[in-house]
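Data first, discussion second: the structure below is written as structure tokens.
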Amino acid sequence: MASENQTVSEYILHHLTNLTYGKLPEGTLRHDGSIVPGGGEWTMAHGAAEVSAMGFMAINVDSMVWSLGLGLLFCWLFRRVAVKSGNTAPSGIINAAEMIVEFVDNSVRDTFHGRNPLIAPLALTIFVWVFLMNLMDLIPVDLIPWSLALLGVEYQKIVPSTDVNITMGMALGVFLMMLYYSFKIKGVGFIKELTLHPFNHPLFIPVNLFMELASLLARPFSLGLRLFGNMYAGEMIFILIAALYAAGLIWMIPAGLLQIIWAIFHVLIITLQAFIFMVLTIVYLSMAHETH
Amino acid sequence: MNINLTLIGQMLAFAVFVLFCMKYVWPPIQTAMRERTEKISAGLAAAERAERDLALAQQKAGERLVDARKEAGGIIEAANRRASQIVEEAKDQARQEGERLKQAAQAEIDLEFNRAREQLRGEVAGLALAGAEKILAAEIDPARHAGLVDQLAAEL
């Protein structure tokens with residue numbers, strides 16, 4: 001825990017606050033009672049209130065660092081496999097990576113029937129990256145934040161996929177690709193799809209447009225928020241279990257058992273969520289490629 | 001749960017990682033896996049072919065063995081035949097030799113017999129002559145009656 005004399009709700013809140021760097025607007029009351037001087041101030045946020053005050057012009061340093069780090073880990077790992085797999089009999093990490101590649105390839109083949117060299121690498125990146133980000137959830141909740149607190153870093157959320165910016169960032173990326181390919185493949189047909197479907201009559205154009213736009217716009221949100229919701233809830237339960245340890249010596253054993261059970265269950269969830277994100281991406285992009 | 005610049009940052013990172021994966025990760029792994037698949041299926045085909053070849057060779061070897069056995073049997077039979085033939089020939093030869101020896105012995109016996117007879121005849125003639133000489137004494141002139149005596153001796 002960051003400090004010994006905090007309440008449980010403070011403890012939980014502390015765990016749910018990102019390490020955010022951003023610009024505090026002029027006149028904001030800071031956590032230590034000082035007022036931000038004229039012209040605002042670029043600083044690390046201290047507490048949820050300051051994060052809110054920063055608004056859009058802020059960046060969650062912890063999410064960004066972990067996310068980029070894990071993304072680079074993925075790139076490094078699979079690049080190494082790509083270099084090695086050509087010239088040796090496969091073993092160890094190469095087998096594992098090729099198994100994932102094969103699995104992703106099969107998923108793409110099952111769902112996506114067009115020809116687009118982007119889809120399979122996209123699906124692989126999503127699957128492995130999201131899985132790695134989710135995997136951070138299995139690291140004991142206090143281990144890294146507490147260690148970093150000793151080094152003077154006050155806030156730390158090590159699971160990037162519990163940050164809605166991260167999941168929505170990926171979902172919006174997928175959404176942009178959906179729009180791009182819809183226009184590229186179908187052109188005017190895409191407009192027709194939005195306006196003349198499901199009721200093919202000029203009178204129904206507004207109704208069609210409303211329904212189709214709603215379903216189109218719902219996709220990135222359902223994609224991003226599903227992952228975020230699952231991981232946030234999972235992380236929250238880990239934090240609650242961790243808080244249970246503090247409730248007294250007698251709670252140690254049930255808390256330990258709960259943690260083990262939830263962790264085992266969570267192994268399934270993190271894989272499943274990564275898989276769902278990947279499959280939905282493939283499905284959405286496949287819909288963008290198909291003409292009715 | 002504040003939407004902020006992290007969203008944009010994540011989108012950019014996402015794009016970069018996907019592009020990296022598309023350029024430097026996916027194609028080489030796919031190529032390597034495809035090549036390996038081809039290599040393995042080629043290896044399996046070769047193994048199958050080798051197995052077929054082996055079966056064929058074994059069959060051929062078996063046929064050869066049967067042929068060789070048959071040939072060996074023929075050779076043994078011929079040898080046996082030849083051996084018995086040799087034995088027969090040897091027997092014949094021995095029989096002929098025996099016959100020849102017998103004939104030679106017979107001839108010698110005949111010869112000896114004739115000689116003995118001649119000799120005996122001569123002696124008998126002499127004896128008869130001597131006896132007759134003694135009986136007839138002066139009445140018979142040996143010089144005159146020699147022809148008669150010889151004739152007699154020849155009739156014996």
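The sequence lines fix the lettering, A, B, ..., with proteins before strands; numbering per chain opens at 1.
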For this session: Step by step, work out the side-chain contact (heavy atoms from CB on, under 4.5 Å) result for B:M11 and A:L176.
Result: CA-CA 10 Å; B:M11 280 169 79; A:L176 289 181; 3.5 Å; yes

For this session: Start with the C-alpha gap between A:L172 and B:F14, add the side-chain angles, then the distance that decides, and say whether side-chain contact (heavy atoms from CB on, under 4.5 Å) holds.
Result: CA-CA 10 Å; A:L172 286 178; B:F14 185 43; over 6 Å; no

For this session: Given side-chain contact (heavy atoms from CB on, under 4.5 Å), test A:E98 with B:R36 step by step and report yes or no.
Result: CA-CA 12 Å; A:E98 286 186 354; B:R36 195 177 316 124; 2.7 Å; yes

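Residue contact with chain A, scored on non-hydrogen atoms closer than 4.5 Å, involves the backbone and the side chain of B:A13 alike. For B:M33, the part lying under 4.5 angstrom from a heavy atom of chain A is the side chain only. Of the atoms belonging to A:V174, heavy atoms from both backbone and side chain fall under 4.5 Å from chain B. Within the 4.5 angstrom heavy-atom criterion, only side-chain atoms of A:S63, from C-beta onward, approach chain B. Of the two parts of A:L72, the backbone and the side chain both hold a non-hydrogen atom closer than 4.5 Å to a non-hydrogen atom of chain B. Contacts of A:T162 with chain B are absent, with no heavy-atom separation under 4.5 Å from either backbone or side chain. Only the side chain of B:I8 comes within contact range of chain A, with heavy atoms under 4.5 Å apart. Using a 4.5 Å cut-off between heavy atoms, A:M54 does not touch chain B at all. Heavy atoms closer than 4.5 Å to chain A are found in the side chain of B:F20, but not in its backbone.
Within a 6.0 Å radius of CZ in B:R121, other residues, nucleotides and ligands contribute more than 12 heavy atoms. Heavy-atom contacts from other residues, nucleotides or ligands closer than 6.0 Å to CZ of A:F103 number more than 12. Surrounding CD of B:E48 are at most 12 heavy atoms belonging to other residues, nucleotides or ligands under 6.0 Å away. Heavy atoms from other residues, nucleotides or ligands lying under 6.0 Å from CD of B:E108 number 12 at most.
Paired with B:N2 under the rule side chain to side chain contact (heavy atoms under 4.5 Å, CB included), one option of A:D163, A:V51, A:V164, A:N165 passes, and it is A:V51.
The minimum heavy-atom distance between B:G9 and A:M64, with the atom names listed, is C-CE, 3.5 Å. Across all non-hydrogen atoms, the minimal contact from B:F17 to A:L68 is CZ-O, 3.7 Å. Nearest heavy atom pair, residue A:R79 against residue B:V25, reads N-CG2, 4.0 Å. Nearest heavy-atom pair, B:L7 versus A:G169, reported as atom, atom and distance to 0.1 Å: CD1-N, 3.3 Å.
Of the listed residues (A:G55, A:P117, A:A48, A:G71), the greatest number of heavy-atom pairs within a distance under 4.5 Å of chain B belongs to A:G71. Among A:S85, A:C75, A:A171, the residue with the largest count of heavy-atom pairs under 4.5 Å with chain B is A:C75. Contact tally against chain A (heavy-atom pairs below 4.5 Å) for B:A32, B:A15, B:P27: the top residue is B:A32.
Rounded to the nearest 0.5 angstrom, B:Q10 CD and A:I166 CD1 are separated by 3.5 Å.
Under the 4.5 Å side-chain criterion, counting only non-hydrogen atoms from C-beta, A:V101 is in contact with B:W26. Under the 4.5 Å side-chain criterion, counting only non-hydrogen atoms from C-beta, B:T6 is not in contact with A:F56. Within the 4.5 Å cutoff, the side chain of A:D105 has heavy atoms near those of the B:Q30 side chain. The shortest side-chain heavy-atom distance between A:P121 and B:K23 does not fall under the 4.5 Å cut-off.
Checked by atom type and distance alone, the side chain of B:N4 never pairs as donor or acceptor with a backbone atom of A:M57 at under 3.5 Å.
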